[in-house]
2 protein chains.
Amino acid sequence: MNLKQLSHMLALSQTTVSRALNGYPEVNEETRRRVIDAAKRHGYRPNPSARRLATGKTGMIGYVLPTGAAVDIDPHFVEFLSGLGDYARSHELDLVLSPADADDQETTYRRIVANRQVDAVYISSPRPADRRVALVSTLGIPFIVHGRSEGLDFDYPFTDIDNEGAFHEAARLLVQLGHRRLALINGDGRETFAIHRERGVRRALAASGLALGEGDVCSLAMTEENGYRAARRLLEQSDAPTAIACSSLIMALGVVRAVRDLGLTIPGDLSLIAHDDVFPWLKPENFSVPLSTTRSSIRLAGARIAERLAARISGLEEGARGEVWPVDLVIRGSVAGAPP
Amino acid sequence: MNLKQLSHMLALSQTTVSRALNGYPEVNEETRRRVIDAAKRHGYRPNPSARRLATGKTGMIGYVLPTGAAVDIDPHFVEFLSGLGDYARSHELDLVLSPADADDQETTYRRIVANRQVDAVYISSPRPADRRVALVSTLGIPFIVHGRSEGLDFDYPFTDIDNEGAFHEAARLLVQLGHRRLALINGDGRETFAIHRERGVRRALAASGLALGEGDVCSLAMTEENGYRAARRLLEQSDAPTAIACSSLIMALGVVRAVRDLGLTIPGDLSLIAHDDVFPWLKPENFSVPLSTTRSSIRLAGARIAERLAARISGLEEGARGEVWPVDLVIRGSVAGAPP
DNA sequence: AGAGTCTTCCAAAGCGCTTTGGTCTTTGCA
DNA sequence: TGCAAAGACCAAAGCGCTTTGGAAGACTCT
């Protein structure tokens with residue numbers, strides 16, 4: 001059942017039927033009712049391929065997915081997707097993942113924009129002076145950045161959490177508890193979130209005349225193994241840190257294992273705070289010693305970004321407004337006063 | 001730059017240019033070269049929206065993503081996606097995720113097929129007599145099932161791993177080591193993979209005149225917490241199992257925690273084997289006691305399924321061939337002879 | 001009554017491709 | 001030499017929608 005057939009049975013032109021269905025004003029309400037009714041009765045659904053050829057609108061939002069044999073997709077992605085999908089569903093939006101060579105995403109961005117394959121895109125895991133942000137901005141497609149870039153000479157719309165504030169608070173708490181040597185087990189140091197977290201820690205330490213030592217900040221892919229290795233290296237020093245801030249729950253698993261392997265205890269020998277993106281399958285309160293965390297649901301962020309993308313597509317949102325969400329600091333058993 | 005312009009500058013008809021570019025035979029090789037050359041020089045790329053309206057081909061594969069506030073996307077999905085994306089990239093395929101109400105995926109499947117939004121779909125986490133498989137099959141869109149359904153009265157193409165065989169081997173090993181009471185901490189019991197794994201364990205036990213007791217199989221969402229709870233319940237019995245087979249590494253984390261909380265040890269008091277889907281961020285060899293596993297890379301499965309989908313789209317593959325991959329049993333420190 | 005303004009509808013022209021159904025040369029063969 | 005077959009190309013008709021540029025009729029106003 002296509003528009004032609006439908007308009008034929010209604011003895012109306014395609015123009016009128018199309019307008020009736022799309023809510024244009026120049027059609028009699030009585031006629032509109034008739035049309036809508038007939039459309040529903042015959043299960044008419046406009047062919048999206050035809051519509052997108054005519055209008056350029058796709059009803060899809062895009063994400064360029066970096067791939068490659070050596071590239072691992074962040075498990076956080078799933079949670080983000082849950083939120084995004086949840087919102088997208090209720091607004092009849094689909095998400096198209098365009099896999100790209102991790103080292104050449106530009107080609108893919110250009111393609112999906114030139115081909116008008118999606119109405120909007122989002123960018124995740126941005127880095128300082130992120131080229132994708134600059135690119136997408138000049139290409140002129142609606143977009144939202146999940147996270148922030150830095151050092152770009154223009155504004156852009158983003159939704160981020162207050163990573164610096166979160167880690168500042170975490171570090172400040174540790175300092176208040178008497179810790180004088182902290183370490184930071186961070187994610188990939190090229191990403192803005194990691195930079196912000198380090199900045200937060202440094203700022204908190206500086207406020208008390210302290211600092212992060214040379215080897216006291218580790219920037220690594222967020223795996224359990226890297227958490228273990230980093231912790232092990234830190235704790236085997238003669239002058240080991242008495243507190244660690246850690247960028248992910250998964251790395252924290254490794255830290256806990258290292259602590260145990262070394263015959264130490266939490267929080268007796270080491271205080272630990274990690275960032276929690278809120279996974280359903282791994283919860284900080286279930287660590288052998290309940291883990292203190294800075295918490296922010298990445299799922300909520302996904303939903304929010306879908307919402308903003310939808311708003312931008314329909315023209316309800318414009319401009320370069322960035323929003324920064326506060327992060328909760330949740331104290332549990334893994335922090336205590338510094339050992340004497 | 002569109003076809004019209006390109007053909008105009010070449011002083012050829014759109015027909016010929018289109019045919020030249022699409023490799024049809026009725027065009028002079030010399031002409032074809034000219035056309036291809038000019039297309040490249042001017043960066044001509046056929047508009048996919050126009051092409052899909054004309055041909056119905058989209059260059060996209062689809063996945064219906066169950067969503068909802070209470071629905072969690074499996075973290076395995078990310079790894080699967082890595083493999084899928086890696087293959088898709090090299091074949092210029094995109095993946096469209098159509099979020100659907102977890103309780104009504106049928107509407108979405110019907111929509112994406114009726115609208116010709118994708119060329120093929122895959123289905124994951126199938127259950128016995130899975131309605132999606134039946135639906136997609138009657139709808140007539142190319143598809144592959146990742147995993148297997150059961151009790152369907154027709155054949156369908158799938159790629160699965162030998163879950164039954166894997167858990168049969170695992171259980172057999174444990175029995176050989178003298179274990180007489182086993183337990184199974186399984187995933188969601190409504191899914192086929194979980195059924196197969198249970199079957200595998202039961203078969204191995206039966207071969208030695210043993211059986212799984214009433215409460216010795218737990219079917220739960222695969223979270224750390226559920227692993228902990230299940231293990232705790234099992235191990236607190238007076239007649240506790242001396243070996244556990246576990247369906248996921250994440251649950252195994254919980255099992256290990258329970259064992260420790262109870263003051264027991266692995267493998268002294270409990271032998272443990274878990275299934276490993278091969279995550280980059282959590283490895284069985286890094287468990288405090290290296291974990292024996294049944295191992296099968298879900299990432300490879302993703303790539304394979306993309307490959308088969310592409311083959312089906314282009315007509316290279318047809319029929320209902322199912323393939324079952326063997327699973328490696330990797331012995332590490334977490335298994336030992338049964339305690340006396 | 002005539003001019004202007006709405007209201008309501010329509011025919012037809014896109015959107016940019018593929019594909020059908022030719023036409024006009026060349027070539028092959030008896 | 002004549003005729004069929006093959007080769008190389010084209011015009012035009014889709015694909016199914018949206019949107020432009022009217023047009024016809026009803027209404028208002030002077």
Side-chain angles (χ1 to χ4, degrees), chain A residues 1-36 38-39 42-60 92 111-119 313-315, chain B residues 1-36 38-39 42-60 92 111-119 313-315:
Chain A
M1 168 69 44
N2 58 21
L3 183 60
K4 194 175 192 174
Q5 295 166 24
L6 182 64
S7 52
H8 192 256
M9 29 188 12
L10 282 162
L12 285 170
S13 72
Q14 295 188 36
T15 310
T16 304
V17 175
S18 170
R19 283 180 166 152
L21 259 22
N22 292 320
Y24 283 72
E26 55 269 83
V27 45
N28 189 309
E29 276 311 318
E30 146 84 37
T31 311
R32 189 193 302 281
R33 222 178 310 281
R34 257 180 65 221
V35 171
I36 290 177
H42 295 84
Y44 168 75
R45 304 269 297 176
N47 177 319
S49 300
R51 169 178 271 168
R52 77 194 268 176
L53 177 59
T55 64
K57 291 285 174 199
T58 63
M60 310 189 129
E92 299 223 18
R111 188 198 75 199
I112 64 178
V113 171
N115 290 347
R116 303 183 172 283
Q117 296 197 139
V118 295
D119 295 336
I313 289 171
S314 60
Chain B
M1 168 68 45
N2 58 22
L3 183 60
K4 193 174 192 174
Q5 294 166 26
L6 183 64
S7 51
H8 192 256
M9 28 189 10
L10 282 163
L12 285 170
S13 74
Q14 296 188 35
T15 309
T16 305
V17 175
S18 170
R19 282 181 168 154
L21 259 22
N22 292 320
Y24 282 73
E26 53 269 84
V27 45
N28 190 308
E29 276 311 317
E30 145 84 36
T31 310
R32 189 194 303 280
R33 224 179 308 282
R34 257 180 65 220
V35 170
I36 289 177
H42 294 85
Y44 168 76
R45 303 268 299 174
N47 178 319
S49 298
R51 169 177 272 169
R52 77 193 267 175
L53 177 58
T55 64
K57 291 284 174 200
T58 62
M60 311 189 129
E92 300 223 18
R111 188 197 73 195
I112 64 179
V113 170
N115 290 349
R116 304 183 171 279
Q117 296 197 137
V118 295
D119 295 336
I313 290 171
S314 60

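What you see is a predicted model, and the numbers here were worked out from it, not measured in a lab. Because only heavy atoms are used, hydrogens play no part in the values below, and waters and symmetry mates are left out as well, while side chains stay in.
Rounded to an integer number of Å, the gap from K4(A) NZ to dC10(C) P is 16 Å. In this structure, CZ of R52(A) is placed 14 Å from P of dC17(C), rounded to the nearest angstrom. Atom P of nucleotide dC17(C) and atom CG of L21(B) are separated by 10 Å, given to the nearest angstrom. At whole-Å resolution of the value, CG in L3(A) and P in dA11(C) are 13 Å apart. Per the geometry, CD belonging to Q14(A) stands 8 Å off P belonging to dC17(D), to the nearest Å. Put simply, CD on E26(A) is 16 Å from P on dG22(D), counting in whole angstrom units. Atom C1' of nucleotide dC10(C) and atom CG of L10(A) are separated by 15 Å, given to the nearest angstrom. As a whole-Å value, the separation of K57(B) NZ from dT19(C) C1' is 16 Å.
The side chain of N2(B) contributes no N or O atom lying less than 4.0 Å from OP1 or OP2 of dC15(C). For the OP1/OP2 pair of dT8(C) and a distance below 4.0 Å, the side-chain nitrogens and oxygens of N28(A) include at least one atom meeting the criterion. Side-chain nitrogen and oxygen atoms of Y24(A) include at least one within less than 4.0 Å of the OP1 or OP2 phosphate oxygen of dT19(D). Look at S18(B) and you'll find a side-chain N or O under 4.0 angstrom from OP1 or OP2 of dT18(C).
Residue contacts shown for T31(B) are limited to sugar-phosphate atoms, with no base heavy atom under 4.0 Å away. Among the atoms of the strands shown, only primed sugar atoms or phosphate atoms (P, OP1, OP2) are found under 4.0 Å from some heavy atom of A11(B).
When the nearest nucleotides of DNA chain C are assigned to R19(B) and N47(B) by heavy-atom distance, the more 5′-ward of the two goes with N47(B). When each of S13(B) and L53(B) is assigned the nucleotide of DNA chain D with its nearest heavy atom, S13(B) is the one assigned upstream, toward the 5' end.
Taking 4.5 Å as the limit, every side-chain heavy atom of Q117(A) sits out of range of all side-chain heavy atoms of T58(A).
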Passes side chain to side chain contact (heavy atoms under 4.5 Å, CB included), V17(A) versus L3(A)? Steps please.
CA-CA 8 Å; V17(A) 175; L3(A) 183 60; 3.5 Å; yes

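For N22(A), taking side-chain heavy atoms from C-beta onward, the closest of the listed nucleotides dC17(C), dT18(D), dC9(C) is dT18(D). With distances taken from any side-chain atom of T15(B) to the nucleotides dT8(C), dA12(D), dT18(C), the minimum falls on dA12(D).
Distance alone, capped at 3.5 Å, is enough to place a donor-acceptor pair between the R32(B) side chain and the Y24(B) backbone.
For CD of Q5(B), the number of neighbouring non-hydrogen atoms (other residues, nucleotides, ligands) closer than 6.0 Å is greater than 12.
Atom CZ of R45(A) sits about 14.5 Å away from atom CE of M1(A), to the nearest 0.5 Å.
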